Every structure is written in structure tokens, then in C-alpha cells.
2 protein chains.
Amino acid sequence: MSILDNLLADSLRPRRNNHLASRGGVQPLRNSHDHVVAALGSAIVSGTFAQGAHLPGEDALLARFTVSRTVLREALKTLAAKGLIVSRTRVGTRVLPRQHWNLFDTDVLSWHVVEGVESSLRAELTDFRFAIEPAAAALAARHATAGQIAQMRELVAAMAAAQDSRLAFAQADLALHQLIGQASGNRLMAGTGAVIETALFASFTLSSPVDDRADHAASVRGHAAIVEAIAARDGVAAAEAVRGVIRHGQERIDAVEQRQGEIKKHER
Amino acid sequence: MSILDNLLADSLRPRRNNHLASRGGVQPLRNSHDHVVAALGSAIVSGTFAQGAHLPGEDALLARFTVSRTVLREALKTLAAKGLIVSRTRVGTRVLPRQHWNLFDTDVLSWHVVEGVESSLRAELTDFRFAIEPAAAALAARHATAGQIAQMRELVAAMAAAQDSRLAFAQADLALHQLIGQASGNRLMAGTGAVIETALFASFTLSSPVDDRADHAASVRGHAAIVEAIAARDGVAAAEAVRGVIRHGQERIDAVEQRQGEIKKHER
DNA sequence: ATAGTCATATTATATGATTATATGATATTT
DNA sequence: AAATATCATATAATCATATAATATGACTAT
């Protein structure tokens with residue numbers, strides 16, 4: 001389940017009969033386990049539980065969430081597996097320092113962006129993409145199969161067709177970038193999908209090329225350039241085309257942020 | 001606990017009283033949970049359980065591992081958190097396709113290299129480092145604090161001093177590369193530590209600069225060049241120095257592989 | 001002072017029961 | 001005949017409670 005999917009699903013899906021103590025019911029619940037994981041995960045990432053701090057003991061957490069010990073412990077194991085916490089007998093459960101958190105985990109990264117992506121993280125995402133994606137595209141130019149290239153062209157067509165739907169555009173955009181990762185033949189580069197997804201989600205919520213006809217055309221053109229460079233087996237051109245697309249996206253975000261900054265100034 | 005640490009620890013640590021059915025006792029056990037996680041995790045990564053295949057049901061796994069349902073389920077949640085499996089009521093627990101596996105997780109990556117790193121993965125690791133680490137070093141040239149630079153110099157000194165210890169050299173090497181990631185100020189780049197660690201582990205097991213006096217000197221010089229470029233706030237030079245170091249390491253590995261290939265040919 | 005012993009708090013593990021849910025078979029309706 | 005609803009069943013999800021292992025700090029003995 002992707003972040004983009006969740007965006008829709010969370011707003012459309014009917015609320016389940018809430019068998020937990022109704023505590024506002026703000027978040028849509030999947031099941032107890034996911035609920036606890038999400039609640040604790042966001043709390044940790046947002047700093048409610050500081051790095052190195054002790055989480056409340058099992059009994060306290062049980063009281064807070066109204067779940068069984070089984071569910072709570074499985075949730076804690078999930079968080080431990082993602083590098084957020086470590087539990088030790090007699091000493092308790094502590095929050096690990098940030099450097100242990102697995103930022104390449106979709107959940108962990110998404111907990112960083114529940115309230116929109118802070119601009120510093122957005123910049124880091126861009127820097128990271130700038131390092132990885134051109135290299136991935138260059139490799140894809142060597143290794144992409146004919147089938148993959150055909151798929152890429154379909155996705156570019158889908159982006160072109162999505163003139164009126166931010167979501168449809170973003171989905172095709174994401175799929176294309178992830179397909180390039182796949183086509184690189186490098187499992188690690190393909191594995192950075194969560195990062196790309198979050199970065200696109202961040203830009204998707206702020207603004208979309210779809211909002212402006214010229215922007216939309218430019219973005220489609222840029223992505224088409226990547227695909228055609230790959231099809232032509234020109235790694236250097238593919239890498240450069242990717243840089244252009246990332247740069248273009250960043251500039252659009254920068255413009256929006258600037259405008260928002262202005263508005264805030266006026267409001268004061 | 002790092003891979004490098006494990007190398008030592010696993011061979012030195014006395015075997016615990018094995019309260020599980022003694023099934024060979026090959027692996028050193030930490031606790032039941034970790035044991036089950038490691039067993040199932042390696043089995044999945046090695047293909048014993050194919051992608052998309054169903055894991056045996058809870059009862060079957062309970063019988064196989066002789067642990068309680070609690071332990072088994074917590075282990076499965078751990079694997080699910082790392083993207084290896086997904087459990088659904090009535091349908092069972094299935095192995096997810098590779099692209100869901102979180103390769104930036106130290107455990108998952110280490111399960112790929114239990115029997116030495118296959119050379120294709122090694123090449124991918126190198127390509128990935130080549131994309132990320134120069135960029136990280138360039139950023140570190142901008143953002144590293146005086147304290148971090150001092151630490152880097154200490155680590156270079158430690159590498160120089162470790163003339164006779166593969167392990168000590170590898171530890172300082174790893175610490176330096178990870179510190180550069182930290183100093184980049186980019187949380188994602190810093191988060192690729194697991195990848196770097198595995199790559200260094202791979203080269204460490206094959207050969208070490210320590211084995212050859214000239215190699216050792218060259219490696220120390222290369223790393224010193226990185227640090228001094230960062231200290232001089234020269235991002236371009238830092239990036240290039242990193243490329244040199246990675247290239248040098250790769251060449252050493254290539255040479256070893258070539259030699260091993262020759263030997264195998266002779267053996268036939 | 002140092003090392004050993006012990007009480008205690010906390011997670012780790014075990015067990016048996018109940019509940020929720022997806023699947024496939026079957027019946028019902030259109 | 002085809003679509004839809006109902007039901008039985010298998011499987012994981014959850015619950016409740018009990019026991020074991022282990023790290024900490026106080027205490028004791030050397």
C-alpha cells in the first residue's frame with residue numbers, strides 16, 4: 001500500500017466498528033497492531049518520546065491502548081525491526097538514536113511527513129534523488145529490457161493524459177521512476193523506491209504540474225526525454241535528463257514555498 | 001551490533017545452554033526470537049521459500065522451531081516489518097516479491113551474504129556507493145563540524161596504525177565512511193550505513209589492504225585525501241577522492257576474484 | 001575496595017482459549 | 001445462465017494469564 005493510495009483510501013474507506021476505546025477516532029484504524037505501531041511510531045519520530053528516552057512500561061502502554069499484551073508486544077517488535085526502539089529485560093524499552101532508524105522504510109519515512117514534509121527533509125530527499133536517480137537511469141540505459149522500455153512509454157503517455165488529475169499524474173510519475181530503478185538492475189537503487197515515493201508525495205501535496213498547462217507539458221517532455229535516452233541506450237543523456245526533471249520539480253516546489261512565505265509575512 | 005562485531009563475537013562467545021531441540025547447533029543463539037527471525041530470514045533470502053510462496057502454517061512452524069506461539073508470531077512480525085512477508089487471516093503467510101524487501105536493513109542485507117557475497121551483489125554495492133558516497137563527501141565538505149573533522153583525522157590515524165589487524169583496519173575504515181555520511185547532514189545518505197558496512201565486510205573477508213604494505217599505504221593516503229579535502233571545504237576534491245578510494249577497493253577485489261577464478265580453472 | 005549474593009522490576013516466553021476474516025462451496029435470486 | 005447472497009471452514013488475530021529469564025541496585029562478605 002503506497003502513500004498515494006493511502007491518501008485516497010483513508011478518506012474513502014468507511015470507519016470500522018471501533019472496538020478500541022473510542023479516543024477521538026481521528027485516525028482510520030486498520031487493525032489493533034497497525035494502530036499501535038502507527039501511534040507509537042509517529043510519537044517517536046515526532047519527538048514525543050525523545051531519543052534515548054524510555055517508553056512507558058508494558059503495563060502503562062497496555063492501559064493506554066486497550067489492547068492485549070500480544071498485540072502490544074508484536075507492535076514493539078515491529079518498531080524494533082525498523083530500528084526505532086530496543087527492548088531489554090529489566091531495563092525497559094528505549095528509543096534508539098536517529099541514526100538507527102531505517103529511513104528507507106516506507107512507514108518510518110511517512111511518519112516523518114504526516115503533517116506535510118518539513119522543508120529541510122524535502123531538501124535532503126532532493127539531494128538524495130540527485131545522487132541516485134541519474135546513476136540508476138544510466139544503468140537502465142544499459143540493462144532495460146524492451147518490455148520495460150515499452151512500459152516506460154506507456155507511463156509517459158499516462159502522464160500526458162492526466163491533464164486534470166493530480167493523483168493520476170503522480171501515480172504514473174512514481175511508477176515511471178520506480179520502473180527506472182527496477183530497470184537499472186541494481187537492487188539497491190531499486191530499493192530506494194520509498195524515498196522517491198515520499199519525495200513525490202511531498203511535491204504532490206504542495207503543487208502539481210497538472211495545475212499549470214505549461215508546467216504539465218514541460219514535465220511530460222522531461223520524462224519523455226529520460227525514456228528516449230534509455231531507449232537509445234545513451235546513459236549520459238539519460239542521467240542528464242533525470243537531473244533536469246528533478247531540478248524542474250524542485251524549482252516548482254521552491255516557487256510555492258516562496259509564495260507561502262510571502263503570504264505568511266503578510267498575515268503577520 | 002555490526003556485522004564486523006558479529007564476526008568476532010560469534011566465534012568467541014560461548015554457546016549458551018541450548019534449551020531448544022538441539023538441531024545441529026550450528027548458529028550461535030541469542031534468544032529464541034532472534035533465532036527464529038534469522039532462520040526464516042535466511043531461508044527466505046536464500047530462496048528456500050520462494051517469492052510468493054506460502055510459509056508453513058503457524059502449527060507447522062511451531063513444531064519446527066519448538067518455541068511458543070508468542071515467539072513465533074513476534075518473529076513473523078519482525079520479518080513483516082522488514083518487508084519479507086505478509087500475513088493475512090485465512091490466507092496464510094506469504095513471501096513478498098524481492099522488491100518489497102528492505103535491503104537497507106542490516107539484517108536483510110547480511111542474510112544475503114552469509115556465505116560470502118555473490119559477486120553480482122558486490123558489483124551492485126559498489127555502483128551504489130559510487131553514486132552516494134561522493135555526493136555525501138561533497139556535502140560533508142560544506143557541513144562537517146570542526147569536531148567531526150578532528151574525529152575523521154583520528155580514524156585515518158587508526159587506519160594507519162592498524163598495520164597488522166584486518167579487523168582494526170576495517171573497523172576504522174567503516175567508522176570513517178559512516179562519519180562522512182553523518183557529516184553530510186543528509187539523513188538519507190547517513191542512513192546508507194548498512195550498505196557501506198556490508199560492502200566493506202565483503203571486501204574485508206576477501207582481502208585487506210593490510211595484507212600488502214604498499215596497498216595499506218595507498219589506502220591510508222586515499223582516505224587522508226578525503227578528509228583533507230573536507231577540511232579544506234573543497235567538495236569537488238572530496239567527491240573525487242572518495243571515488244578514488246572506492247575504485248581502489250574494487251580493483252583489489254577484482255584482482256582477488258581473478259586469482260580465485262584461475263585457481264578454480266586449475267582445479268578442474 | 002572488590003567481589004559476590006540476593007531481591008526486585010521488567011521484559012521474554014509459554015499456553016489455551018476466543019474472535020475476526022478471507023476463501024471456496026452452496027444456495028438463492030435475477 | 002449469471003450474478004449475488006449465504007454459510008461453513010480454515011487461518012491468522014487477539015485476548016488473558018501464568019511462568020521464566022535477566023539486568024539493576026542494594027546489600028554482604030571478604
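Everything quoted here is computed from the prediction, not taken from an experiment. Residue numbers begin at 1 in each chain, while the letters A, B, ... track the order of the sequences.
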d(NE2, A:His54; C1', D:dA23) in whole Å: 11 Å

5'-most by nearest nucleotide on DNA chain C - A:Arg88 or A:Thr70: A:Arg88

Proximal nucleotide (of C:dT13, D:dA23, D:dC15) relative to the A:Val91 side chain: D:dA23

Proximal nucleotide (of D:dC15, C:dT11, C:dT13) relative to the B:Asn31 side chain: C:dT13

Whole-Å distance separating the CD atom of B:Glu58 from the P atom of C:dA17: 16 Å

Closest to the A:Ser32 side chain, choosing from D:dT14, C:dT11, D:dT24: D:dT14

Pairwise 5' ranking along DNA chain D for B:Leu55 and A:Arg94, keeping only the more 5' one: B:Leu55

Counterpart residues, side chain to side chain donor-acceptor pair (under 3.5 Å), relative to B:Arg98 (two or more places apart): B:His112

Stepwise side-chain contact (heavy atoms from CB on, under 4.5 Å) check, B:Leu76 with B:Leu40: CA-CA 9 Å; B:Leu76 291 178; B:Leu40 288 176; 4.0 Å; yes

Donor/acceptor link under 3.5 angstrom from B:Arg69 side chain onto base of C:dT13: no

Geometric class of the A:His223/A:His177 ring pair [parallel <30°, tilted 30-60°, perpendicular >60°]: perpendicular

Shortest side-chain distance from A:His33, nucleotide among D:dT14, D:dA23, C:dA12: D:dT14

Nearest-Å distance for atom pair CD/P, residues A:Glu74 and D:dA16: 15 Å

Atom pair distance, as rounded to whole Å: CG in B:Leu72 and P in C:dA14: 11 Å

Which nucleotide in C:dA20, D:dC15, C:dT13 has an atom nearest any side-chain atom of B:Thr89: C:dA20

Spacing of B:Phe65 atom CZ relative to C:dA14 atom P, expressed in whole Å: 13 Å

Side chain of A:Ser87 - closest among C:dA20, C:dT11, D:dA23: C:dT11

Side chain of A:Arg90 - closest among C:dT13, C:dT8, D:dT14: C:dT8

Interatomic distance, A:Leu62 CG vs D:dC15 P [rounded to whole Å]: 10 Å

Atom pair distance, as rounded to whole Å: CZ in B:Arg73 and C1' in C:dT15: 14 Å

